[in-house]
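The block underneath contains the structure these notes are about, expressed in structure tokens.
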Amino acid sequence: VGWERTARLMATNSHDSATEAQLAAALARCATGERAALKVIYDIEAARMVGVARRILRRQDLAEEAVQDAFRRIWRAARSYDPQKGAARTWLYAILRNCALTILRDESRFTADDEKVEDAAPATENALGRLPESSALRRCLEALDAQRRTVVVLAYVHGLSHGELAGKLGVPLGMVK
């Protein structure tokens, strides 16, 4: 029975080495601008990356957002990957971890705020009331439903960032963007 375990471990190590080589080659191709190479990385790692991000963020929607952000960063930074400094998979997951921690930091910074979007409605109506009746901006804002109007006013009149809006709305940062 011991030889079966050894055979399984050898097969797993062989598979991991082949996968690592595939990832490193795909990263090198990404560095030259080959989009299909990013899909190769996605097909190999995306499901596992969502699982890792989910453990960090404890929310599926945020985990998916972290993976999306990570793949954007992977594409942009592929030239900086150096196989002499570490494994491709390690590099990919370091990027994912940084994305997840950024989202976690942004979410926690803004969810502590007790003021909800509904509580901001009077300020929104006040801002809307200050616009002249003939204003094109006023007409456009009045055409929006109340929640969307509130979000636009919070962003452009009160200066809330995407992260602050996400916290107030209780939605993923990517949805606010």
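Because only heavy atoms are used, hydrogens play no part in the values below, and waters and symmetry mates are left out as well, while side chains stay in.
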| task | Nearest 0.5 Å please: distance from the CG atom of Leu38 over to the CG atom of Leu27. | result | 9.0 Å
| task | Verify whether one side chain among Thr32 and Arg29 offers a donor that lies under 3.5 Å from an acceptor in the other. | result | no
| said: Please report the interatomic distance CZ(Arg48) to CG(Leu92), rounded to the nearest 0.5 Å. | reply: 11.0 Å
| note | Tightest non-hydrogen contact, residues Val40 and Ala26, listed as CG1-CB, 4.2 Å
| note | In this structure, CG of Leu23 is separated from CD1 of Ile44 (nearest 0.5 Å) by 4.5 Å
| So, Lys39 and Asp43, do they make that salt bridge, N to O below 4.0 Å? | yes
| message | Within the 3.5 Å criterion, strictly below it, is a donor on Glu64 or Gln60 matched to an acceptor on the partner's side chain? | response | yes
| N/O donor-acceptor pair under 3.5 Å between Tyr81 side chain and Ala88 backbone | yes
| field | Interatomic distance, Leu57 atom CG to Leu101 atom CG [nearest 0.5 angstrom] | value | 8.0 Å
| remark: Heavy-atom nearest pair, Ala66 first then Cys99, reads O-CB, 3.8 Å
| Got more than 12 heavy atoms from elsewhere within 6.0 Å of OH, Tyr93? | yes
| query | Does Asn98 offer a backbone N or O that forms a donor-acceptor pair with the side chain of Thr102 under 3.5 Å? | reply | yes
| said: Let me confirm one number: the CD1-CH2 distance from Ile74 to Trp91, rounded to the nearest 0.5 Å. | reply: 6.0 Å
| field | Spatial distance of atom OG (Ser80) from atom CD1 (Ile95) [nearest 0.5 Å] | value | 6.5 Å
| Is Val52 close to Met49 at the side-chain level, that is, under 4.5 Å between some pair of heavy atoms? | no
| field | Pair listing, salt bridge (charged side-chain N to carboxylate O under 4.0 Å, His left out) test, anchored in residues 75-94, at least two apart | value | Glu45-Arg89
| Arg97: partners by side-chain hydrogen bond (donor to acceptor under 3.5 Å, both in side chains), with sequence neighbours left out | none
